[in-house]
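The block underneath contains the structure these notes are about, expressed in structure tokens.
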Amino acid sequence: MDPFQYVYVIRNSKQLEFHEFANKMASKTFDYPALSRGKFPELKENLHRIYQYLQGKPLDIISDHMMKNLQDIFEWKCSQATDWETEKMYKFCCSVMFEASFVTLYGRVPAADGHKVISEIRDKFIKFDASFPYLAANIPIELLGATKKVRKELIHHFLLQNMTKWLGGSKVVQARQDIFEKYELLGDYDKAAHHFAFLWASVGNTIPATFWAMYYLLRHPEALAAVRDEIDHLLQSTGQKRGPTYNIHLTREQLDNLVYLESALNESLRMCSSSMNIRISQEDFVLKLEGNQEVVLRKGDWIALYPQILHMDPEVYEDPKEYKFDRYIENGKKKTAFYKAGRKLKYFLMPFGSGISMCPGRFLAMNEMKMFLFILLSHFDVELAENKAVRLDNSRMGLGILLPDVDIAFRYKLRSLRN
Ligand code: HEM
């Protein structure tokens with residue numbers, strides 16, 4: 001509960017491990033055999049190594065593909081909106097982000113009805129995702145209605161004979177495929193289940209996080225105006241035009257420099273993220289904490305950090321329940337100094353976990369959400385079409401980004417090219 005102690009837990013990664021726990025939970029939830037060292041030597045390490053494809057230069061490439069795919073989807077879905085069109089916001093974010101992420105990571109389904117195939121996978125994904133908190137809580141899948149059947153159908157989409165038909169997928173997925181091929185004890189279904197698990201990781205949190213970022217912006221006109229201003233300014237200064245061709249290109253530096261957009265996004269992540277960082281003690285040992293404090297741990301003891309307490313701590317964030325889009329900006333620059341009781345915090349925002357269990361897709365996730373909002377706000381006038389409160393649904397507390405308790409209608413219309 002005390003953020004000044006986090007560092008002592010995070011840096012003891014040898015004694016305080018998370019893989020055993022994550023492996024058990026993920027293999028059960030996504031239906032692949034646990035990554036035991038005896039049966040699958042170095043599989044875990046090999047899979048971790050290829051997270052390099054989500055950083056550095058490969059990150060630029062995958063982000064460019066995502067930008068292009070997002071624009072294609074916006075063009076296909078929204079370019080007729082010369083007058084107001086109304087849609088449900090969560091459904092909209094889900095449909096755009098799911099398809100763009102799917103095509104970017106796994107490739108395009110070349111059939112004439114490619115969009116339809118992906119939306120069928122998405123609909124099954126939504127059904128599976130609704131049961132995710134129960135699976136994570138160890139409820140037998142047999143008690144969860146059609147979840148077992150839906151999971152099986154989803155996994156079948158990722159069998160090699162189906163995946164090889166998809167065109168232009170990412171290096172990270174290709175590299176995962178190559179690794180799985182080296183393990184004879186992994187059956188075809190097991191490999192497909194691993195791919196499905198990666199799909200869940202790549203969209204399960206990004207979709208609700210995109211929803212909250214959009215929702216809070218639309219609820220706060222001053223935030224919307226500031227972010228839109230920043231976006232328009234970037235387009236102008238780089239000589240790019242929004243318009244019917246949907247051909248905007250953003251470099252990593254330009255994305256990084258969108259400080260208002262990033263701050264607004266961080267602020268919504270602060271408010272909607274609820275992931276618990278769990279570690280299990282690998283041996284009996286004494287965990288030394290700040291100020292000569294000690295905790296005597298037994299092998300098998302659990303430690304959990306729960307950063308949402310930090311995110312909602314009024315000593316760190318004034319009026320923590322209020323959305324302040326510029327909370328992470330100081331003198332026009334990114335703000336990274338946050339204090340509690342006069343002391344600077346090393347950790348102040350942790351939607352992506354910490355240390356050894358930190359999300360490898362965090363840079364891509366931030367880029368994806370920025371690009372979604374960039375395209376939306378640069379091309380469209382957008383406003384809420386309903387005046388109702390949307391609250392966090394706490395049923396997946398501890399497991400990542402919380403979903404909204406209800407969906408809400410919004411409307412959008414192509415912006416005039418003159419203003
Ligand atoms: C807003 C979006 C996202 C959030 C908030 C998020 C959050 C997290 C968190 C908290 C974990 C650690 C879970 C734990 O402690 O066990 C994690 C793990 C993971 N995330 Fe993300 N994530 C996001 C997007 C993505 C994306 C876009 C990708 C991939 C393209 C991705 C890939 C992964 C993977 C593969 C893991 C497991 C890492 C491992 O094997 O240790 N995530 N994510």
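Computed from a predicted model, the values in this text were never measured in an experiment. Residues take their numbers from the sequence shown, with the count starting at 1. First listed ligand is number 1; within each ligand, the first listed atom is number 1. Both backbone and side-chain heavy atoms feed into the values below; hydrogens, waters and symmetry mates do not.
With respect to the salt-bridge test (charged N to carboxylate O, under 4.0 angstrom), the residues Glu267 and Arg327 qualify.
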Q.
Applying salt bridge (Lys or Arg N to Asp or Glu O under 4.0 Å) to Glu153 and Lys149, what does each step give before you reach the verdict?
A. CA-CA 6 Å; Glu153 287 171 8; Lys149 178 171 160 280; 3.3 Å; yes
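Between the side chains of Gln174 and Asp178, at least one donor N or O sits under 3.5 Å from an acceptor N or O. Side chain to side chain, Gln240 and Thr238 meet the donor-acceptor criterion of an N or O pair below 3.5 Å. Side-chain N/O atoms of Asp326 and Ser263 include no donor and acceptor closer than 3.5 Å.
In terms of modelled atom types and a separation under 3.5 Å, the side chain of His65 and the main chain of Val103 share no donor-acceptor contact. Put simply, the side chain of Asn23 never gets that close to the backbone of Glu20: no donor and acceptor are under 3.5 Å apart. At distances below 3.5 Å, at least one donor-acceptor pair connects side-chain atoms of Asn205 with backbone N or O atoms of Ile401.
Distance from atom 16 (O) of ligand 1 to its nearest protein heavy atom, with residue and atom name: Phe18 CE1, 3.7 Å. At the top of the distance list for atom 12 (C) of ligand 1, counting protein heavy atoms only, stands Ser357 O, 3.1 Å. Protein heavy atom nearest atom 35 (C) of ligand 1, with residue, atom name and distance: Tyr51 OH, 3.4 Å.
In summary, the atoms of ligand 1 found under 4.0 Å from a heavy atom of Leu364, numbered by their order in the structure, are 30 (C).
In this structure, His48 has a heavy atom closer than 4.0 Å to ligand 1. Residue Thr206 places a heavy atom under 4.0 Å from ligand 1. Pro351 counts as a contact of ligand 1, since one of its heavy atoms falls under 4.0 Å from the ligand. Distances from ligand 1 to the non-hydrogen atoms of Met369 include at least one value under 4.0 Å.
Closer than 2.8 Å to atom 21 (Fe) of ligand 1 sit the protein N, O or S atoms Cys359 SG.
Relative ring orientation between Phe180 and His195 is described as perpendicular, the plane-to-plane angle rising above 60° on a 0-90° scale split at 30° and 60°.
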